[in-house]
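On a predicted model such as this, the values are computed, not experimentally measured, just so you know. Sequence lines set the chain letters: A, B, ... in the order given, protein chains first and strands last, and positions in each chain run from 1.
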Amino acid sequence: DTEVTQTPKHLVMGMTNKKSLKCEQHMGHRAMYWYKQKAKKPPELMFVYSYEKLSINESVPSRFSPECPNSSLLNLHLHALQPEDSALYLCASSRQANTEAFFGQGTRLTVV
Amino acid sequence: GENVGLHLPTLSVQEGDNSIINCAYSNSASDYFIWYKQESGKGPQFIIDIRSNMDKRQGQRVTVLLNKTVKHLSLQIAATQPGDSAVYFCAENTGTGFQKLVFGTGTRLLVSP
């Protein structure tokens, strides 16, 4: 099983809403990541979790709040987003720092 | 860095041709590199990786070449098929202890039957 599962696939939310993106993997990977990808652009790293602890926050605004409840799950809590936050949000996981990262299919987020 | 682009370079090939996609990376200290394929509406799919102590690695129909002197990475796809049509990204690991992937601008590969 080399699958990273993200839900929901699509999400439309208002600027005052609170929503959460979910990511799950059962490969035993201890590093998990959130990336943001705008149209026609490459993915950009947001957060890195290693052994369920936040290791890297790439200066992401506080309206994005990550959470790692256990080694298989990664959440991204969203609150008071702006229309420019509309993007494809990708979750990934890897066994170690220098091994391949597997990506999920992403959540297409639209902020209205 | 290399990951800010206003347009996507495109490589158009005929089915059966060999394709070469190039990438310039930014950090001379990067020690791990990955090529990803991304189809429309999907997440990036791992193709092949290479560590900085190697200059060539081969997979099934794909070869990655690494030239650390000029900070250049290439992906060669043999006998390109229509199903290979996608956007291809190189990524370098700029992290120490943690994986911090920095993606290149991307190249769109269009394969005509």
**Asked** Can you tell me how far CG of B/L101 sits from OH of A/Y33, rounded to the nearest 0.5 angstrom?
**Response**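 Going from the OH atom of A/Y33 to the CG atom of B/L101 covers 7.0 Å.
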**Asked** Between NZ of B/K42 and CG of A/L88, what distance do you get to the nearest 0.5 Å?
**Response** 13.0 Å
Considering all heavy atoms, the nearest [X]-[Y] contact:
{"X": "A/P43", "Y": "B/P44", "answer": "CG-CG, 4.3 Å"}
{"X": "A/K40", "Y": "B/L8", "answer": "O-CD1, 4.5 Å"}
{"X": "A/V48", "Y": "B/Q99", "answer": "CG2-O, 3.7 Å"}

Does atom [atom1] of [X] have more than 12 heavy-atom neighbours, drawn from other residues, nucleotides or ligands, at distances under 6.0 Å?
{"X": "A/K38", "atom1": "NZ", "result": "yes"}
{"X": "B/R57", "atom1": "CZ", "result": "yes"}
{"X": "A/Q82", "atom1": "CD", "result": "yes"}
{"X": "A/M15", "atom1": "CE", "result": "no"}

**Message:** Counting only non-hydrogen atoms closer than 4.5 Å, does A/A101 touch chain B with its backbone (N, CA, C, O), its side chain (CB onward), both, or neither?
**Reply:** both
**Item:** Part of A/Q37 within contact of chain B (heavy atom distance under 4.5 Å)
**Value:**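 The side chain, not the backbone.
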**Item:** Parallel, tilted or perpendicular: rings of B/F103 and A/Y35 (30°, 60°)
**Value:** perpendicular
**Request:** Look only at the side chain of B/Y32 and the backbone of A/E100, and say whether a donor-acceptor pair between them is shorter than 3.5 Å.
**Result:**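 Judged by distance alone, yes, a pair lies under 3.5 Å.
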Grouping I, L, V, M, F, W and Y whenever their side-chain heavy atoms are under 4.5 Å apart, do [X] and [Y] come out in a common cluster?
{"X": "B/I77", "Y": "B/W35", "result": "yes"}
{"X": "A/F47", "Y": "A/L109", "result": "yes"}
{"X": "B/F46", "Y": "B/L65", "result": "no"}

**Item:** Segment of B/Q38 engaging chain A (4.5 angstrom heavy-atom cut-off)
**Value:** side chain
